[in-house]
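Counting from 1, the numbers follow the sequence of the chain as shown. Side chains included, hydrogens not; waters and symmetry mates left out as well; all remaining heavy atoms used. Quick caveat: nothing in here was measured; it's all calculated off a predicted structure.
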Amino acid sequence: SRLQTEIIKNGKNRYQVAVDEIVKAGIAHISHGDVFCQLVPFWQLKLYVMDVLGKADFYKDLYEEIRINSNPVAAYGCTMDAMCQLEFVRIACKVSGYDLRPFFADWGFLRPVNKTEEDYSTSQFTVTQQGIDYINAEIDKLTLLPAPVPSGKHIYEIDDNNKMTFKVN
């Protein structure tokens, strides 16, 4: 993908920049200014869940689960958009059949943030620890298995070229 081939900063591709500036910097996912870097974890979900775990209908099933359920409302001190982000984490875990929280935590989806977002209009995006605790409790109820990852690897490290090294027998 062009995430891997397009060099954007200091000789690094989007995967590398996104991992350095979101994951390793420990910031909330929405706080990064490059929307294409923000897309990296969604592509990595495809690589991991569909290509590595073999769940070919993952995104189809995820979209269907989102479609048949109403949007969450603002709650736990979180804005509605933030609750949608937290709900996405829960649904991705449910549909994959695995606890993907370490991946989402690495990418800053489960990190408190209070940010004014400027995207076509101005809105507030607030994720609170209370909202994170709520979604963690909801995911705990699903009694999921940990995502199978080879020792010493993290799903956020997956890319187009190394995805098959994430296969676990």
Side-chain angles (χ1 to χ4, degrees), residues 1-4 6 8-10 12-50 52-53 58-59 62-63 65-66 71-96 98-120 122-140 142 144 146-147 149 152-160 162-163 166:
S1 75
R2 71 185 252 208
L3 295 174
Q4 189 122 30
E6 186 178 55
I8 63 166
K9 189 188 279 187
N10 299 327
K12 295 180 179 182
N13 64 32
R14 278 206 204 276
Y15 279 118
Q16 296 163 321
V17 171
V19 167
D20 287 351
E21 295 182 2
I22 299 174
V23 176
K24 291 181 180 174
I27 68 169
H29 178 259
I30 195 166
S31 295
H32 197 276
D34 184 327
V35 295
F36 293 103
C37 284
Q38 289 178 339
L39 291 175
V40 169
F42 300 104
W43 182 247
Q44 289 181 317
L45 273 179
K46 182 264 185 215
L47 295 174
Y48 180 70
V49 178
M50 296 174 75
V52 173
L53 299 179
F58 171 71
Y59 267 116
L62 182 118
Y63 296 148
E65 186 74 17
I66 291 169
N71 281 341
V73 297
Y76 307 102
C78 298
T79 57
M80 184 191 76
D81 289 341
M83 288 302 293
C84 287
Q85 175 179 286
L86 294 174
E87 183 65 4
F88 179 86
V89 172
R90 185 191 69 78
I91 292 171
C93 291
K94 177 183 174 185
V95 169
S96 74
Y98 292 99
D99 187 347
L100 298 171
R101 284 180 286 186
F103 171 75
F104 286 110
D106 287 336
W107 276 108
F109 285 74
L110 299 173
R111 187 168 287 125
V113 65
N114 189 18
K115 181 180 187 310
T116 302
E117 186 62 25
E118 301 283 341
D119 188 17
Y120 299 107
T122 302
S123 63
Q124 196 63 30
F125 190 92
T126 304
V127 175
T128 65
Q129 188 60 51
Q130 187 180 7
I132 295 166
D133 293 345
Y134 162 77
I135 211 66
N136 278 328
E138 292 298 304
I139 294 169
D140 286 342
L142 300 173
L144 301 165
V149 181
K153 289 192 180 266
H154 302 275
I155 300 170
Y156 74 79
E157 298 168 319
I158 198 169
D159 63 34
D160 300 71
N162 72 8
K163 66 184 176 185
F166 282 80

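Heavy-atom minimum distance, Q129 versus P112: OE1-CG, 3.7 Å. When all heavy atoms of C78 and G131 are compared, the pair lying nearest together is SG-CA, 3.7 Å. For the pair F103 and I155, the tightest heavy-atom approach, listed with the atom from each and the gap, is CD1-CG2, 3.5 Å. Among all heavy-atom pairs drawn from F36 and L3, the shortest one is O-CD2, 4.1 Å.
Side-chain contact between H154 and P102: absent, with no pair of heavy atoms (C-beta onward) separated by less than 4.5 Å. Here the side chains of Y98 and L53 are in contact, with some heavy-atom distance below 4.5 Å. Between Q44 and W107 there is a side-chain heavy-atom pair separated by less than 4.5 Å. Side-chain contact check for D34 versus V17: every heavy-atom pair is 4.5 Å or farther apart.
Between F104 atom CZ and L110 atom CG the span is 8.0 Å, to the nearest 0.5 Å. If you take CG on L86 and CD1 on I139, they are separated by 8.5 Å, rounding to the nearest 0.5 Å. If you take SG on C93 and CG on L100, they are separated by 4.5 Å, rounding to the nearest 0.5 Å. Separation of atoms SG (C84) and CD1 (I66) is listed at 9.0 Å; rounding is to 0.5 Å. Rounding to the nearest 0.5 angstrom, the gap separating the CZ atom in F88 from the CD atom in E65 is 12.0 Å. K163 contributes atom NZ, which lies 8.0 Å from atom CD1 of I158 (distance to the nearest 0.5 angstrom).
Listed by chain and residue number, E87 satisfy the salt bridge (Lys or Arg N to Asp or Glu O under 4.0 Å) test with R90 (two or more places apart in sequence, or in another chain). Partners of K24 under the side-chain contact (heavy atoms from CB on, under 4.5 Å) rule, at least two apart in sequence or in another chain, are V19, D20. Here H32 pairs with E21 under the side-chain hydrogen bond (donor to acceptor under 3.5 Å, both in side chains) rule; sequence neighbours left out. Residues satisfying the side-chain contact (heavy atoms from CB on, under 4.5 Å) test with Q124, not counting sequence neighbours, are T79, N114, T116, T126. Looking at residues two or more places apart in sequence or on another chain, you find no ring pair (Phe, Tyr, Trp, His ring centres under 6.0 Å) involving F58. When the side-chain contact (heavy atoms from CB on, under 4.5 Å) test is applied to Y59, the partners found at least two apart in sequence or on another chain are F42, L45, K46, M50, L62, Y63.
D160 and Y15 form a side-chain donor-acceptor contact under 3.5 Å, judged by distance and modelled atom types alone. No side-chain donor-acceptor contact under 3.5 Å links Q85 and D81.
Contact check on E157 versus K153 returns no salt bridge, with no Lys/Arg side-chain nitrogen under 4.0 Å from an Asp/Glu carboxylate oxygen.
Between the side chain of S96 and the backbone N or O of A92, at least one donor-acceptor pair lies under 3.5 Å. Although no hydrogens or angles enter the test, the distance criterion places a donor-acceptor pair under 3.5 Å between the side chain of R101 and the main chain of N136. With hydrogens and angles disregarded, no donor-acceptor distance shorter than 3.5 Å links the side chain of N10 to the backbone of K12. Remark: side-chain polar atoms of H29 are not paired, donor with acceptor, to backbone N or O of I22 under 3.5 angstrom. Side-chain atoms of D99 never come within 3.5 Å of backbone atoms of P146 as a donor-acceptor pair (strictly under, hydrogens ignored). Here the side chain of E117 pairs no donor or acceptor atom with the backbone of S123 at under 3.5 angstrom. One N or O on the side chain of R111 and one on the backbone of G26 form a donor-acceptor pair closer than 3.5 Å. When atom types are taken as modelled, the side chain of N162 and the backbone of D159 share a donor-acceptor pair closer than 3.5 angstrom. Distance alone, capped at 3.5 Å, is enough to place a donor-acceptor pair between the Q16 side chain and the N13 backbone.
Note: Y76 and Y134 have parallel aromatic rings, judged against thresholds of 30 and 60 degrees for the angle between ring planes.
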Go through the steps for Y156 and V40 under the test side chain to side chain contact (heavy atoms under 4.5 Å, CB included), then give the verdict.
-> CA-CA 9 Å; Y156 74 79; V40 169; over 6 Å; no
Could you give me the CA-CA distance, side-chain angles and deciding distance for W43 and L47, then say whether side chain to side chain contact (heavy atoms under 4.5 Å, CB included) is met?
-> CA-CA 6 Å; W43 182 247; L47 295 174; 3.6 Å; yes
